[in-house]
Amino acid sequence: MSSVDKSGTYKLGDRSVHRIGYGAMQLAGKGVFGPPKDHDAAIAVLREAVAQGVNHIDTSDYYGPYVTNKLIREALAPYPDDLVIVTKIGARRGSDASWLPAYSSEELTQAVHDNLRNLGLDAIEVVNLRIMFDTHGPAEGSIEAPLTALAELQRKGLVRHIGLSNVTRAQIADGRRICDIICVQNQYNLAHRDDDALIDELARDGIAYVPFFPLGGFSPLQSSTLSGVAERLGATPMQVALAWLLQRSPNILLIPGTSSVGHLRENLAAAELELSADDVLNELDGVAKAA
């Protein structure tokens with residue numbers, strides 16, 4: 001049994017995926033802009049992920065832009081039957097590498113077609129609508145217009161399932177009145193736990209929760225407590241952080257990203273780590289309180 005197998009599975013729409021997947025964001029250049037520093041290394045990471053049993057890859061055409069999807073197609077097409085590729089729309093990149101909202105019906109339609117073309121697909125398994133009312137996190141505001149436009153693309157058969165990203169509890173409730181929402185992708189990790197109650201609510205309804213920045217993202221997790229626990233367990237701090245997320249709730253699906261094959265293998269090995277002792281879990285809970 002591989003490390004990925006030991007992570008267990010959870011449903012993503014009508015598909016079952018391993019709970020450790022792979023996020024492709026880091027395959028683009030610095031600042032998620034431009035081509036990768038090492039094209040061949042990026043291809044190798046994608047192929048190794050699938051070889052290790054990863055069957056859930058998270059991407060977006062605004063990574064680069066247009067970089068990661070082309071790399072995924074080059075590395076993995078024709079795609080394995082069990083591979084679920086999830087993408088995001090609702091943003092675009094400025095010429096200065098800025099992140100800009102792209103919510104109009106025309107922009108969303110173009111984004112779906114761009115993803116289809118660059119991935120080489122006839123339909124996308126899951127499309128997350130990224131909400132950018134505030135670049136620093138979820139902020140209230142109506143998502144009815146863009147989500148209705150995405151639901152229309154679903155009715156046309158271009159999108160199979162819909163998720164939401166960077167959203168509030170109220171927006172999720174509103175969204176579920178418009179169409180089925182099969183996953184929510186928000187920032188969540190050992191130190192950033194604003195969505196604790198939301199995760200449990202979604203689990204009760206069978207909706208997957210996909211934390212982005214599970215390792216801290218642009219501000220990597222740094223904690224003497226985390227490092228101390230990792231040292232005692234003979235693991236890396238990032239492995240402990242990922243293992244904690246896996247044990248947090250069964251509906252959590254992980255998409256840690258990396259541009260290194262070695263780091264990829266380390267991330268996947270987190271599924272073999274058990275954080276069973278109450279004292280360890282209590283220590284790790286303290287990381288959030290200190291953040």
Side-chain angles (χ1 to χ4, degrees), residues 21-49 54 56-77 85-104 106-121 124 126-139 146 163-167 185-187 189 192 210-222 238 254-264 267:
Y22 174 74
M25 185 175 72
Q26 292 189 35
L27 294 183
K30 185 178 180 180
V32 201
F33 199 72
K37 181 178 179 181
D38 187 331
H39 172 273
D40 291 346
I43 296 295
V45 167
L46 287 163
R47 289 176 176 166
E48 179 66 13
V54 167
H56 170 204
I57 292 179
D58 181 85
T59 185
S60 176
D61 231 19
Y62 56 70
Y63 294 163
Y66 315 120
V67 169
T68 59
N69 283 353
K70 291 179 180 179
L71 288 169
I72 289 169
R73 182 178 185 178
E74 179 183 349
L76 302 177
I85 298 176
V86 180
T87 192
K88 286 175 291 299
I89 62 175
R92 61 182 177 85
R93 304 303 295 277
S95 59
D96 59 351
S98 55
W99 303 78
L100 305 170
Y103 289 147
S104 71
E106 293 77 15
E107 288 172 314
L108 296 174
T109 299
Q110 185 62 54
V112 166
H113 282 284
D114 287 345
N115 276 275
L116 288 168
R117 182 182 65 256
N118 289 324
L119 287 167
L121 294 171
I124 303 170
V126 183
V127 173
N128 288 321
L129 177 62
R130 170 78 175 185
I131 302 302
M132 295 184 63
F133 295 149
D134 187 332
T135 57
H136 300 292
L164 295 171
S165 177
N166 200 44
V167 284
Q185 191 178 91
N186 278 2
Q187 182 178 1
N189 55 50
H192 188 284
V210 188
F212 63 78
F213 294 162
L215 305 179
F218 298 116
S219 300
L221 293 175
Q222 295 182 359
M238 295 303 97
L254 301 184
I255 49 169
T258 178
S259 57
S260 157
V261 167
H263 190 201
L264 169 73
N267 287 343

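In this text, all values refer to a predicted model and were calculated from it rather than measured experimentally.
Every salt bridge (charged side-chain N to carboxylate O under 4.0 Å, His left out) that Asp58 has, sequence neighbours left out, goes to Lys88. For Asn166, the side chain to side chain contact (heavy atoms under 4.5 Å, CB included) partners at least two apart in sequence or on another chain are Arg130, Pro138, Phe212. Every residue meeting the ring-ring contact (aromatic ring centres under 6.0 Å, His included) condition with Tyr62, not counting sequence neighbours, appears here in chain and number order: Trp99. Take Phe33 and apply the side chain to side chain contact (heavy atoms under 4.5 Å, CB included) test, not counting sequence neighbours, and it matches Pro65, Arg93, Ala97. Every residue two or more places apart in sequence or in another chain was checked for a side-chain hydrogen bond (donor to acceptor under 3.5 Å, both in side chains) with Asp40, and none qualifies. Partners of Glu107 according to the side-chain hydrogen bond (donor to acceptor under 3.5 Å, both in side chains) rule, which considers only residues two or more places apart in sequence or in another chain, are Ser104.
A pairwise comparison of heavy atoms in Gln187 and His192 identifies O-ND1, 3.5 Å as the closest pair. Residues Asn115 and Ala111 approach most closely at ND2-O, 2.8 Å, considering heavy atoms. Residue Val67 comes nearest to Gly34 through the heavy atom pair CG2-O, 3.4 Å, listed as atom of the first residue, atom of the second, then distance. When every heavy atom of Leu71 is checked against every heavy atom of Pro36, the shortest pair comes out as CD1-CG, 4.1 Å. Gln185 and Ile255 get closest at one heavy-atom pair: NE2-CD1, 3.7 Å. For Ala139 against Asp134, the heavy-atom pair with the smallest separation is CB-CB, 3.7 Å.
We find the CG-CD1 distance between Leu116 and Ile124 to be 4.0 Å, quoted to the nearest 0.5 Å. One finds the CG atom of Asn118 at 8.0 Å from the OH atom of Tyr66 (value rounded to the nearest 0.5 Å). A distance of 10.0 Å separates CG in Leu76 from CG in Leu119, rounded to the nearest 0.5 Å. One finds the OG atom of Ser260 at 11.0 Å from the CG atom of Asp38 (value rounded to the nearest 0.5 Å). The CD1 atom of Ile85 lies 8.0 Å from the CG atom of Asn69; values are rounded to the nearest 0.5 Å. In this structure, Gln110 CD and Arg117 CZ are separated by 6.5 Å, a value rounded to the nearest 0.5 Å.
In this structure, the side chains of Asn128 and Leu164 stay at 4.5 Å or more apart for every pair of heavy atoms. Residues Thr258 and Asn267 form a side-chain contact, since some pair of their non-hydrogen atoms from C-beta on lies under 4.5 Å apart. Taking the side chain as every heavy atom from C-beta outward, Tyr63 and Gln26 never approach each other to under 4.5 Å. Residues Leu108 and Pro146 form a side-chain contact, since some pair of their non-hydrogen atoms from C-beta on lies under 4.5 Å apart. Looking at heavy atoms from C-beta onward, Ile131 lies out of side-chain contact with Ser165 at the 4.5 angstrom threshold.
Of the N and O atoms on the side chains of Thr68 and Thr59, at least one donor lies less than 3.5 Å from an acceptor on the other residue.
Within 6.0 Å of CZ in Phe133 there are more than 12 heavy atoms belonging to other residues, nucleotides or ligands.
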Checklist line | Verdict with supporting geometry, Val112 and Ile89, side-chain contact (heavy atoms from CB on, under 4.5 Å) | finding: CA-CA 7 Å; Val112 166; Ile89 62 175; 3.8 Å; yes

Margin query: Checking Leu129 against Val127 for the side-chain contact (heavy atoms from CB on, under 4.5 Å) test, could you report, in this order, the C-alpha distance in whole Å, the side-chain angles of both residues, the deciding distance, and whether it holds?
Written below: CA-CA 6 Å; Leu129 177 62; Val127 173; over 6 Å; no

